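Note that the structure is a prediction, hence the values are computed from the model and not measured. Along the sequence shown, residues carry numbers from 1.
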Amino acid sequence: MSDATPTPTATPERPQLPAQSPPVDPAETAVASDKATSGRLSWWRGDGGDGAKRNLGLIGVLLALIVVGAITKPDLYGDPNWVWNNVLAILQLASVVGVVTVGMTFVIIGGGIDLSVGAIVALAGVWCTTVATQNFGAGGMIFTALVVGICVGLVNGVLISYGRLVPFIATLAMLVAARGLAASISNKQTQVSSSTFINDIAARKVVGIPILVYILGAVVLAGWVLLNRTTFGRRTIAVGGNPEAARLAGINVRRHTMLLYALSGLCCGIAAIMLTSQATSAQAAMANLYELDAIAAAIIGGTLLSGGRGTIVGSLLGVIIFATITNLFAINGLSIEAQNMVKGGIIVAAVLIQQFQYKSVTRLLARNRVTTA
């Protein structure tokens, strides 16, 4: 009798199966696929390459506008001093809307919309210029404007996040309510700012550059760092791209959405101080249609209305483009109606190009992932 173990043989009833490889983790496969395609698609993949292309295109539009101005007004553009002062005027014109646009960009990237930003600016400006508030000096006025902006933004966020209201409806209601409250507080009158410090913000210059431009630069820099270098920014993109996936990943989507609207309100409070400084007064009708300008600038800058993608630099360039168009029409004596028609055409063109590029890049990435899998 042999002690050797008999070797199993394949039979028709029980065929011998080949050796199987261990199960593959889908996450590891996706990572490997991303690494395989990242080299070839570094220009297209991620917001870095796509954002660079888009921003270069916006800079090209700015250069084209400058060329148009040089052709139509060669006597003005031939004077270097006038050109420098005109650049500063454009930046100062874009400063207030630019600050509002930073907050709007965060909201849109997060999958929302805020139609009440202009009304929040008006309410914060009127509230901080009341006689009772001005008795506390410039510090009290600035504090009041910021707190009012944040609180109204939080109300928007609570209604949308916890009240389950559609952002369009919630912020549209706030637009009407905030304008009405501002008119009630000011008794439909213009409130003059008596603070020399506040009024001098728009008049002063540092190294030949208006302080308003420095404020815009500081807000844009802070927004860029917050979006691109912090967990808050990554969560904003995740919430806007896929709220359910973000929730399953452990992100408190409701709280984050509320914070996004609070951030937008903070930017409105800063803009209220800037606008009050420019006019040395505040009224309920101030910052009219700023919400449309901010949304348009963000769209021009490449922010998707569906959420999940956008850049602060692109939004800033969008604001500067609109300010340059306004300046170009002013020096040529053209009507505001024609200016608005041109702006509308640019918005439509930007959205069409944006949709075409987004679909093309998405299909390209999907095709390459299939071939490399």
Side-chain angles (χ1 to χ4, degrees), residues 89 91-101 103-104 114-153 155-156 171-205 210-213 215-216 219 264-294 319 322-323 326-327 330 335-337 339-340:
L91 292 177
Q92 191 163 3
L93 177 64
S95 59
V96 179
V97 179
V99 170
V100 175
T101 303
M104 180 69 75
D114 193 349
L115 300 179
S116 64
V117 290
I120 296 176
V121 172
L123 179 59
V126 166
W127 207 318
C128 78
T129 54
T130 59
V131 175
T133 304
Q134 294 195 53
N135 288 334
F136 292 96
M141 295 175 65
I142 295 174
F143 177 79
T144 300
L146 298 181
V147 170
V148 169
I150 293 173
C151 288
V152 178
V155 172
N156 281 335
T171 57
L172 181 63
M174 182 57 71
L175 181 154
V176 179
R179 289 283 183 190
L181 182 57
S184 177
I185 293 175
S186 63
N187 197 24
K188 300 181 181 180
Q189 302 295 321
T190 298
Q191 298 182 164
V192 178
S193 170
S194 59
S195 172
T196 304
F197 179 84
I198 297 294
N199 297 340
D200 286 347
I201 292 177
R204 290 180 179 176
K205 294 183 179 181
I211 293 180
L212 292 180
V213 178
I215 296 176
L216 172 62
V219 173
S264 177
L266 173 62
C267 291
C268 291
I270 297 173
I273 294 296
M274 299 168 67
L275 193 58
T276 300
S277 175
Q278 285 183 317
T280 66
S281 62
Q283 56 180 331
M286 67 190 295
N288 188 34
L289 298 181
Y290 272 32
E291 55 275 0
L292 300 184
D293 291 339
V319 173
F322 280 133
T326 301
N327 177 267
S335 64
I336 298 179
E337 292 77 11
Q339 171 185 326
N340 291 335

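Not a single donor-acceptor pair under 3.5 Å links the side chain of Gln92 to the backbone N or O of Pro210.
Going from atom OG1 of Thr130 over to atom CZ of Phe136 covers 9.5 Å, rounded to the nearest 0.5 Å. Considering CE of Met141 and OG of Ser194, their distance stands at 6.5 Å, rounded to 0.5 Å. How far CG of Leu275 is from CD1 of Ile201: 12.0 Å, rounded to the nearest 0.5 Å.
Under the salt bridge (charged side-chain N to carboxylate O under 4.0 Å, His left out) criterion, no residue pair touches residues 274-287, with sequence neighbours excluded. Within the structure, salt bridge (charged side-chain N to carboxylate O under 4.0 Å, His left out) pairs that include any residue of residues 135-153 do not occur (at least two apart or interchain). Residues in residues 182-202 take part in these salt bridge (charged side-chain N to carboxylate O under 4.0 Å, His left out) pairs, two or more places apart or across chains: Asp200-Arg204.
For Val147, the side chain to side chain contact (heavy atoms under 4.5 Å, CB included) criterion is met by Phe143, Cys151, not counting sequence neighbours. Every residue was checked against the side chain to side chain donor-acceptor pair (under 3.5 Å) condition with Thr144, not counting sequence neighbours, and none meets it. For Ser193, the side chain to side chain donor-acceptor pair (under 3.5 Å) test picks out Asn199, with sequence neighbours left out. Judged as a side chain to side chain donor-acceptor pair (under 3.5 Å), and not counting sequence neighbours, the contacts of Ser264 are Asp114. Shown here are the side chain to side chain contact (heavy atoms under 4.5 Å, CB included) partners of Ile142, two or more places apart in sequence or in another chain: Leu146, Phe197, Ile198, Ile273. Listed by chain and number, the residues in a side chain to side chain contact (heavy atoms under 4.5 Å, CB included) with Ser184 amount to none (sequence neighbours excluded). Under the rule for a side chain to side chain contact (heavy atoms under 4.5 Å, CB included), the partners of Leu172 that lie at least two apart in sequence or sit in another chain are Leu115, Phe168.
Here the side chains of Leu216 and Leu91 are not in contact, with every heavy-atom distance at 4.5 Å or above.
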Please tabulate, for side-chain N and O atoms in residues 279-292, each donor-acceptor pair with protein atoms closer than 3.5 Å (sequence neighbours left out).
from   : atom 1 : to     : atom 2 : distance (Å)
Ser281 : OG     : Ala279 : O      : 3.2
Glu291 : OE1    : Gly118 : N      : 3.2

Under 3.5 Å, which donor-acceptor pairs link side chains of residues 120-129 to any protein atom two or more places apart or in another chain?
from   : atom 1 : to     : atom 2 : distance (Å)
Thr129 : OG1    : Gly125 : O      : 2.8
Thr129 : OG1    : Val126 : O      : 3.1
Thr129 : OG1    : Gln191 : NE2    : 2.8

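Nearest heavy atoms, Ile215 versus Met274: CG2-SD, 3.7 Å.
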